[in-house]
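A quick write-up on the structure given underneath.
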2 protein chains.
Amino acid sequence: MKLEKDQIFNADCLSVLKKMPKNCVNLIVTSPPYADNRKSTYEGISVESYVKWFKPISKELLRVLKPKGSFVLNIKERVIDGERGTYVIELILEMRKQGWLWTEEYMWHKKNSYPGKWPNRFRDGWERCLHFTKEKGFNMYQDEVKVPTGDWASSRLKNLSKTDRIRDESKVKSGFGKKIENWIGRDTVYPDNVLHFATVCENKGHSATFPSELPEWFIKLFSKKGDIVLDPFLGSGTTAIVAKTLERHYVGMELNKTYYKLAKENISKFVPTKIKKRKVKGKEILSNERNIK
Amino acid sequence: MKLEKDQIFNADCLSVLKKMPKNCVNLIVTSPPYADNRKSTYEGISVESYVKWFKPISKELLRVLKPKGSFVLNIKERVIDGERGTYVIELILEMRKQGWLWTEEYMWHKKNSYPGKWPNRFRDGWERCLHFTKEKGFNMYQDEVKVPTGDWASSRLKNLSKTDRIRDESKVKSGFGKKIENWIGRDTVYPDNVLHFATVCENKGHSATFPSELPEWFIKLFSKKGDIVLDPFLGSGTTAIVAKTLERHYVGMELNKTYYKLAKENISKFVPTKIKKRKVKGKEILSNERNIK
DNA sequence: GTTCCGCATGAATCGATAG
DNA sequence: ACTATCGATTCATGCGGAA
């Protein structure tokens with residue numbers, strides 16, 4: 001299969017990945033389905049089989065990723081019978097056996113974590129963003145995520161107020177250069193490996209597993225314009241939308257038909273491109289043309 | 001050996017632990033020496049042998065801990081040859097085999113992380129605080145660590161009281177006063193599992209140190225007055241001082257003679273005055289801060 | 001045009017209940 | 001005894017309507 005840019009598949013990611021050529025994507029950002037506590041699950045993945053389920057996928061991801069590319073895995077283990085599940089840390093060990101380098105673990109601090117009160121724990125306010133690479137000398141564009149110093153920056157990080165959000169959205173839409181302009185005269189510093197983003201709620205209009213700021217940060221950090229960003233569990237399409245907005249190409253898979261349609265709808269709505277359907281060798285693929293407004 | 005309260009040992013913790021009776025301490029809080037990359041280390045523990053070195057200690061800790069007690073392990077894996085070391089997550093798996101329950105993983109977000117710049121990673125801004133227990137029904141005193149509400153409620157409360165003062169002057173019996181009381185009663189909430197503390201000044205490269213706020217938070221959360229708090233890697237004595245300040249008893253071990261003397265000196269210097277507390281909204285609260293400053 | 005308040009909601013977890 | 005379902009708990013956030 002030749003890799004067509006900017007398309008999404010309504011299919012199991014493993015089957016699509018196997019048809020993809022090796023070393024073809026620059027960055028993988030995804031948040032896979034979380035494990036399900038129920039013993040017998042027909043759509044979810046059980047806790048017991050999680051590692052076994054994910055291993056063939058991570059093996060293919062290793063194959064399709066370019067040598068200097070990165071794989072960012074957003075995940076968090078469930079509480080199982082009063083304990084934190086061990087399947088995530090077991091997965092790390094298994095992926096290293098496959099050849100992945102566990103380069104870093106970024107922490108996503110969710111300021112608005114799910115409420116609740118229990119006798120043995122507090123609300124869970126963070127998730128892992130595991131950073132895997134194929135080589136030590138992977139691409140990392142640190143200057144693209146520098147943050148300004150001073151109160152303005154820290155307050156923006158801790159609390160995305162309404163004005164900040166407007167600024168943030170315009171920043172994404174107009175590209176990164178404009179943001180730099182806004183910060184001229186200010187000192188900028190490199191961030192640390194802790195990310196402060198609020199989760200998205202349903203009332204924002206579209207449900208998503210992670211806020212757009214999360215893939216945005218990693219896409220800026222680990223890819224450049226024109227690169228290809230892959231999300232094998234696309235969900236409602238957040239990764240693809242952000243990638244396209246940042247002038248990267250996207251490839252995505254989503255098994256669930258409802259989410260696939262939602263992603264397609266969201267992408268067509270948000271991305272300033274005209275999507276055309278085309279038949280190639282009996283298969284329907286997507287190609288896009290630049291929409292010169 | 002009979003357990004003497006409020007004493008510290010200048011000895012290898014394992015040898016002392018073995019002499020201690022079982023089920024005698026209520027809480028263990030410690031930050032063990034970090035693994036050392038160098039092959040032959042004088043006092044450090046090599047990366048390869050870290051799990052093997054720690055297992056007999058954690059086995060004894062399991063024995064001396066009371067059934068409803070907790071073990072809080074502050075640790076973070078080093079970067080080894082460009083990758084995060086796996087010995088911490090391997091240790092979690094091994095400790096579960098010993099009988100420990102991996103109940104939770106708290107996250108210490110270091111607000112002022114150690115500076116530096118590397119081509120493949122950012123500054124490390126967080127450490128793990130692994131929470132192990134012997135039973136599901138362990139002791140947890142959640143009310144002791146409540147924090148002020150976030151911006152949402154505080155700004156709302158501020159505005160409510162402002163408009164309400166006006167209404168109160170005009171309408172004495174409006175029934176609105178009670179509503180305010182409900183809001184005021186809600187000015188503290190339960191925290192999540194992310195702790196925001198600044199690091200302490202760099203100690204002279206020996207055993208890992210944490211700010212006093214860290215043991216303070218866990219001592220308040222997992223023990224009550226009169227309980228016994230153990231730190232098998234006491235360092236300069238932070239855990240013991242905080243324990244005593246909070247009217248708990250302490251037991252500590254420190255192998256390094258210099259640090260042992262320092263700890264003893266620090267503890268003896270300690271005058272049982274009030275621990276540093278801050279006033280927030282007229283209420284005394286913990287030094288933990290809900291928001292990133 | 002702002003600011004402010006009411007309300008719904010979210011990758012949750014525990015304990016009790018029912019089969 | 002083991003498993004599935006359900007109600008209670010909790011708080012930061014965004015949206016929409018009101019002041």
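Letters A, B, ... are given to chains in the order of the sequence lines, protein chains preceding strands, and every chain is numbered from 1. These numbers were taken from a predicted model, which means no experiment stands behind them.
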### Message
Output one letter per nucleotide in nucleotides 12-19 of chain C: B when a protein non-hydrogen atom lies under 4.0 Å from the base, S when only the sugar-phosphate is that close, - when neither is.
### Response
BBSS----
### Task
Could you tell me the separation between the CG atom of A:L214 and the C1' atom of C:dA11, rounded to a whole number of Å?
13 Å
### Message
Looking at B:R84 and B:E77, is any side-chain nitrogen of the basic one under 4.0 Å from a carboxylate oxygen of the acidic one?
### Response
no
### Query
Rounding to a whole Å, what distance do you find between A:K111:NZ and C:dA11:P?
18 Å
### Query
Looking at A:Y106 versus A:W217, is the centre-to-centre ring distance below 6.0 Å?
yes
### Task
Check every strand shown and say whether A:P211 touches a base, only sugar-phosphate, or nothing at a heavy-atom separation below 4.0 Å.
nothing
### Message
Tell me the interatomic distance from A:F122, atom CZ, to D:dT10, atom P, rounded to whole angstroms.
### Response
12 Å
### Message
Just the rounded figure in Å: distance from P of D:dC11 to NZ of A:K110.
### Response
16 Å
### Query
Just how far, in rounded Å, is P of D:dT13 from NE2 of A:H196?
13 Å
### Message
Here's one to test your reading of the geometry: is the NZ or CZ of B:K68 within 45 degrees of the ring axis of B:F138 and under 6.0 Å from its centre?
### Response
no
### Message
Quiz question: going by heavy-atom distance under 3.5 Å, is there a donor-acceptor pair between the base of C:dA11 and the side chain of A:S31?
### Response
yes
### Query
When the C1' atoms of C:dC14 and D:dA12 are considered, how many whole Å apart are they?
22 Å
### Message
Nearest 0.5 Å, please: how far is CD1 in A:I8 from CG in A:N266?
### Response
9.5 Å
### Query
How close or far is atom P of C:dA11 from atom CG of B:N193, stated in whole angstroms?
16 Å
#### Entry: Polar side-chain atom of A:N26 near backbone of A:S223 as donor-acceptor pair, under 3.5 Å
no
### Message
What is the separation between atom OH on B:Y190 and atom P on D:dT10, rounded to the nearest whole Å?
### Response
7 Å
### Query
Between D:dT9 atom C1' and B:M140 atom CE, what is the distance in whole Å?
15 Å
### Query
Is A:K59 atom NZ crowded by more than 12 heavy atoms from other residues, nucleotides or ligands, each under 6.0 Å away?
no
### Task
Could you pull out all residues at least two apart from A:W53 that satisfy ring pair (Phe, Tyr, Trp, His ring centres under 6.0 Å)?
A:Y50, A:F233
#### Entry: Distance in Å, B:M95 CE paired with B:L62 CG, rounded so as to fall on 0.5 Å steps
8.0 Å
### Summary
CG of B:L221 to CZ of A:F122, rounded to nearest 0.5 Å, is 5.0 Å
### Query
DNA chain D: stems of at least 3 consecutive Watson-Crick or G-U pairs, cut-off 3.5 Å?
C:2-10 with D:11-19, C:12-19 with D:2-9
